[in-house]
Asks: 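Below is one structure. I have some questions about it.
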Amino acid sequence: MTMHCYQCEETNNGEACTTKGLCGKSVSTAKLQDQLIEAASQLAYATLEIGDCPKVDDLIRTALFATITNVNFDNQSLRQLFTCMTNEIERYTPDAIPSVIRTDILKSAGVLTMHNPDRRSAKELLIYGVKGIAAYAEHAAQLGYRDPSVDQFIRQVMAALTTPLRFSDLMDWIVKAGEVSVATMALLDKAHRECYGSPEISEVSLEAGSVPGILISGHDLKDLAQLLEQTKDSGIDIYTHGEMLPAHYYPYFKQYSHLKGNYGGAWWQQEQDFSAFNGPILMTTNCLVPPQESYEDRLFTTGPVRHSGLTHIETNPAGDKDFSALIDLAHQCPAPEPLETGHIVGGFGHDQVMALADQVVEAVQAGAIKRFVVMAGCDGRSDERQYYTQVAEQLPQDAVILTAGCAKFRYNKLDLGTINGIPRVLDAGQCNDCYSLAVIALKLQEAFAVDSLNDLPLSFDVAWYEQKAVAVLLALLHLGVKGIRLGPNLPAFVTGKVADILLNGFELKGIGSPEQDVEAMMLGR
């Protein structure tokens, strides 16, 4: 058995993983995920004419999220989800023969079933963008926020992929996906702010306490809220990890004095971080690395993330989760081993930055700030990603970094100073909060009265890893941003005509050396 997976930046030799994913995904898991994508397309096609149907939309979003890199490594749960999908397809196509439906799905599943290389590239770019949109929409749905137009777009795209599409048709869908990505991220931004308050500038401790703790990683703020409430007055500290760091910026979570601080770094460091933590770990949403023996009996999953052999915390019919198993285990564990000292500062969402707008504009007009560099996106394991640390270190003192996502762990603990009291690293939050960077850029465009975002003293030097980042890229292209640097490597699935459009039409470019790129960005190139 072989696979063909090239949806993430780490794909083997920059081409495709064919015998095992570098993420740890097996061939059988990859094939099940391919089948889920095809089943989602068939279900979308079968239900396209029925109008609003939350049950179907929830199922399609769940299937798409399950196929994102570092989410679901559990074949049993993938098979169960596939069965749910095919059962729904059969329900909406009562005259069809079930065995024929399943056979058609299996035959059509997989990247290489599209033979034309240009259409294949466009199709995969579209699918990966829609996966990212589905993930953002799912985060919002967990908080009770839905946009029927987003769900309808996902269903329309997935249904369209069951039909023979011309290259131009696929490109039209990709352009629309950028627009919908912006709307979806705006929906999630609204959900977070209305549920937990607008992020505010905050100091986050990096130090370990002396009592047992629970570590929570991933992205789901609702899981954190329930965990904090259930551990109140329990004598257990709660620590964030990876993309959960920005939870400390929200006013709602400040009421819990036992939210101790952040422990460790980005998702790919979890093997060392989880081993040192000593207590139980709750993994929410994506960014799971297949666990090591040193901590697998302490690692719990919830939401879309799963791995065979790990205890999964389900949601009850009321929408709540019972974390008592983690709490009981925490009482039996020693306190975390200290990893770091000090603190870091973040919380520069769009509301907070707009409160500083006069200060920022004045600093630009006075020449104290010469350039804003958006260094948002994902972190990863490759040594090439030291590039982002080196760029941050080499940017002159009159440059400000705007960031969101775990890419910030490459430089957010460096002492880069301030400009007129404004920190040189402005962290807007999770990758889920990249919308804030778009809002900030649009507000700067308004403040400086320029015709385009490309006329601002603003450069984009973006790191990517998985499919949420693809959705963000399409959103930036929709907003008209040109000249984005994307690294550490350009996507393997962007080839032929698609590459020509992105590299020439949108001036997308790869990264060079830190020295060359810093010089070019400061010159506006």
Asks: Give a yes or no on whether Lys176 atom NZ has more than 12 heavy-atom contacts from other residues, nucleotides or ligands under 6.0 Å away.
Replies: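 Not buried by this count: 12 neighbours or fewer within 6.0 Å.
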Asks: Could you go through the side chain to side chain contact (heavy atoms under 4.5 Å, CB included) check for Val204 and His343 one step at a time?
Replies: CA-CA 5 Å; Val204 183; His343 66 270; 5.8 Å; no
Asks: Looking only at side chains, do His258 and Thr231 share a donor and an acceptor under 3.5 Å apart?
Replies: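 Yes, Thr231 and His258 have a side-chain donor paired with an acceptor closer than 3.5 Å.
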Asks: Would you please say whether a donor-acceptor pair under 3.5 Å links the side chains of Tyr411 and Glu393?
Replies: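 Glu393 and Tyr411 do not have a side-chain donor-acceptor pair below 3.5 Å.
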Asks: Mind checking whether Phe323 and Phe300 have ring centres under 6.0 Å apart?
Replies: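 When the ring centroids of Phe323 and Phe300 are compared, they turn out to be at least 6.0 Å apart.
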Asks: Ignoring hydrogens and angles, state whether a donor on the side chain of Ser202 or His248 is under 3.5 Å from an acceptor on the partner side chain.
Replies: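 No pair is found: no donor N or O on one side chain lies under 3.5 Å from an acceptor on the other.
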Asks: For Tyr435 and Leu188, what are the C-alpha separation, side-chain angles and deciding distance, and is it a side chain to side chain contact (heavy atoms under 4.5 Å, CB included)?
Replies: CA-CA 9 Å; Tyr435 176 73; Leu188 180 55; over 6 Å; no
Asks: Donor-acceptor check, side chain of Gln270 to backbone of Cys287, threshold 3.5 angstrom: yes or no?
Replies: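 Such a contact is found between Gln270 side chain and Cys287 backbone.
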Asks: Quick one: do the Gln292 and Glu271 side chains pair a donor with an acceptor below 3.5 Å?
Replies: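 Note: Gln292 and Glu271 side chains meet the donor-acceptor criterion.
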Asks: Show, in sequence, the C-alpha distance, side-chain angles and deciding distance for Asn72 and Phe65, and conclude whether the side chain to side chain contact (heavy atoms under 4.5 Å, CB included) test is met.
Replies: CA-CA 9 Å; Asn72 194 321; Phe65 206 158; over 6 Å; no
Asks: Between Asp461 and Arg485, is the closest basic N to carboxylate O distance under 4.0 Å?
Replies: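 Here Arg485 does not pair with Asp461 in a salt bridge, since their nearest N and O are not under 4.0 Å apart.
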Asks: Any non-hydrogen side-chain atom of Ile214 less than 4.5 Å from a side-chain atom of Ile327?
Replies: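 Touching, per the 4.5 Å side-chain cut-off.
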Asks: Would you call Asp398 and Met522 a side-chain contact if the rule is heavy atoms closer than 4.5 Å?
Replies: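 Result yes, sub-4.5 Å side-chain heavy-atom pair found.
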Asks: Taking Pro514's backbone N and O only, do any of them form a donor-acceptor pair with Asp517's side chain (distance below 3.5 Å, no angle check)?
Replies: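 Looks like no, no N/O pair under 3.5 Å.
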Asks: Side-chain contact test, heavy atoms from C-beta onward, threshold under 4.5 Å: evaluate it for Pro457 versus Lys370 and give yes or no.
Replies: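 Sidechains of Lys370 and Pro457: no contact.
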Asks: For Leu416, does its backbone N or O pair with a side-chain atom of Arg424 as donor and acceptor, under 3.5 Å?
Replies: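 Yes.
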Asks: So does Ile133 get a backbone contact from the side chain of Thr184, meaning a donor-acceptor N/O pair under 3.5 Å?
Replies: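 Looks like no, no N/O pair under 3.5 Å.
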Asks: Can you label the angle between the His139 ring and the Tyr136 ring as parallel, tilted or perpendicular, going by 30° and 60°?
Replies: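 Plane angle between 30° and 60°, so tilted.
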Asks: For Arg193, is there an ion pair with Asp189 - N to carboxylate O distance below 4.0 angstrom?
Replies: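 Arg193 and Asp189: salt-bridged.
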Asks: List the steps and the verdict of ring pair (Phe, Tyr, Trp, His ring centres under 6.0 Å) for Tyr249 and Phe348.
Replies: CA-CA 9 Å; Tyr249 311 155; Phe348 294 91; 8.2 Å; no
Asks: Counting neighbours of CG on Asp358 that are heavy atoms of other residues, nucleotides or ligands and sit closer than 6.0 Å, is the number greater than 12?
Replies: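 Open: at most 12 neighbouring heavy atoms sit under 6.0 Å from CG of Asp358.
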Asks: Going by heavy atoms in the side chains, are Gln33 and Leu78 under 4.5 Å from each other?
Replies: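 Gln33 reaches Leu78 side chain to side chain.
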Asks: Could you check whether Lys260 and Thr240, counting side-chain N and O atoms only, form a donor-acceptor pair closer than 3.5 Å?
Replies: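 The answer is no; no qualifying pair exists.
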Asks: List the residues meeting salt bridge (Lys or Arg N to Asp or Glu O under 4.0 Å) with Arg371, not counting sequence neighbours, and say none if there are none.
Replies: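 Residues passing salt bridge (Lys or Arg N to Asp or Glu O under 4.0 Å) with Arg371: none at all.
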Asks: If you count the non-hydrogen atoms of other residues, nucleotides and ligands that lie under 6.0 Å from CG in Asn316, is the total more than 12?
Replies: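 Yes - once you tally the heavy atoms of other residues, nucleotides and ligands closer than 6.0 Å, there are more than 12.
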Asks: Side chains of Gln142 and Glu138: is there a donor and an acceptor less than 3.5 Å apart?
Replies: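 Side chains of Gln142 and Glu138: pair found under 3.5 Å.
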Asks: Ion pair present between Asp58 and Arg61, side-chain N to carboxylate O less than 4.0 angstrom?
Replies: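 So Asp58 pairs with Arg61 through a salt bridge.
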Asks: Taking atom types as modelled and ignoring hydrogens, do the side chains of Ser198 and Asp351 form a donor-acceptor contact shorter than 3.5 angstrom?
Replies: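 Ser198 vs Asp351: donor-acceptor pair found between side chains.
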Asks: Answer whether the closest heavy-atom distance between the side chains of Glu337 and Tyr263 falls below 4.5 Å.
Replies: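 Touching, per the 4.5 Å side-chain cut-off.
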Asks: With a 3.5 Å cut-off and no angle check, do the side chains of Gln230 and Ser324 form a donor-acceptor pair?
Replies: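 Not at all, the side chains of Gln230 and Ser324 share no donor-acceptor pair under 3.5 Å.
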Asks: Do the side-chain N and O atoms of Ser275 and Ser294 include a donor-acceptor pair separated by under 3.5 angstrom?
Replies: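 There is such a pair (donor and acceptor under 3.5 Å, judged by atom type) between the side chains of Ser275 and Ser294.
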Asks: Is the backbone of Gly342 close enough, under 3.5 Å, to the side chain of Glu207 for a donor and an acceptor to pair up by distance?
Replies: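 Answer holds: yes.
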Asks: Can you find a pair of side-chain heavy atoms, one from Leu442 and one from Leu453, that are under 4.5 Å apart?
Replies: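 SC-SC contact between Leu442 and Leu453 confirmed.
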Asks: Any sub-3.5 Å donor-acceptor pair from Ser452's side-chain atoms to Asn454's backbone N or O?
Replies: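 Yes.
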Asks: Measuring centre to centre across the rings, with the benzene-like ring taken for any Trp, is Trp267 within less than 6.0 Å of Phe409?
Replies: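 Centroid distance Trp267-Phe409: not below 6.0 Å, so no.
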Asks: Using side-chain heavy atoms (C-beta onward) and a distance below 4.5 Å, is Leu414 in contact with Val425?
Replies: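 A side-chain contact under 4.5 Å is absent here.
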Asks: Can you list the residues that meet the ring pair (Phe, Tyr, Trp, His ring centres under 6.0 Å) rule with Tyr252, with sequence neighbours excluded?
Replies: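 Counting only residues at least two positions away or on another chain, Tyr252 forms a ring pair (Phe, Tyr, Trp, His ring centres under 6.0 Å) with Tyr196.
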Asks: Decide, yes or no, whether a salt bridge links Lys321 with Glu314 under the criterion of side-chain N to carboxylate O below 4.0 Å.
Replies: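 Result for this pair is no, no salt bridge flagged.
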Asks: Are Pro334 and Pro212 packed together at the side-chain level, in the sense that at least one heavy-atom pair is separated by less than 4.5 angstrom?
Replies: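 No - every pair of side-chain heavy atoms lies 4.5 Å or more apart.
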Asks: Considering only NZ, NE, NH1 and NH2 on the basic side and carboxylate oxygens on the acidic side, decide whether Glu9 and Arg385 come within less than 4.0 Å.
Replies: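 Here Glu9 pairs with Arg385 in a salt bridge, since their nearest N and O are under 4.0 Å apart.
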Asks: With no hydrogens and no angle check, just 3.5 Å: does a side-chain donor-acceptor pair link Asn489 and Glu384?
Replies: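 Short answer, yes.
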Asks: With no hydrogens and no angle check, do the side chains of Arg306 and Gln76 hold a donor and an acceptor under 3.5 Å apart?
Replies: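 No, Gln76 and Arg306 have no side-chain donor paired with an acceptor closer than 3.5 Å.
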Asks: Take atom NZ of Lys413 as the centre, draw a 6.0 Å sphere, and report whether it contains more than 12 heavy atoms from other residues, nucleotides or ligands.
Replies: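 More than 12 heavy atoms, drawn from other residues, nucleotides or ligands, come within 6.0 Å of this atom.
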Asks: So, Glu466 side chain and Lys468 main chain: donor-acceptor pair closer than 3.5 Å or not?
Replies: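 It does hold such a pair.
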Asks: Just wondering, are more than 12 heavy atoms of other shown residues or ligands nearer than 6.0 Å to CD in Glu362?
Replies: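 Check fails, neighbour count at 12 or below.
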Asks: Return the orientation label for the Phe274 and Tyr295 ring planes: parallel under 30°, perpendicular over 60°, tilted otherwise.
Replies: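 Answer is perpendicular, since the angle exceeds 60°.
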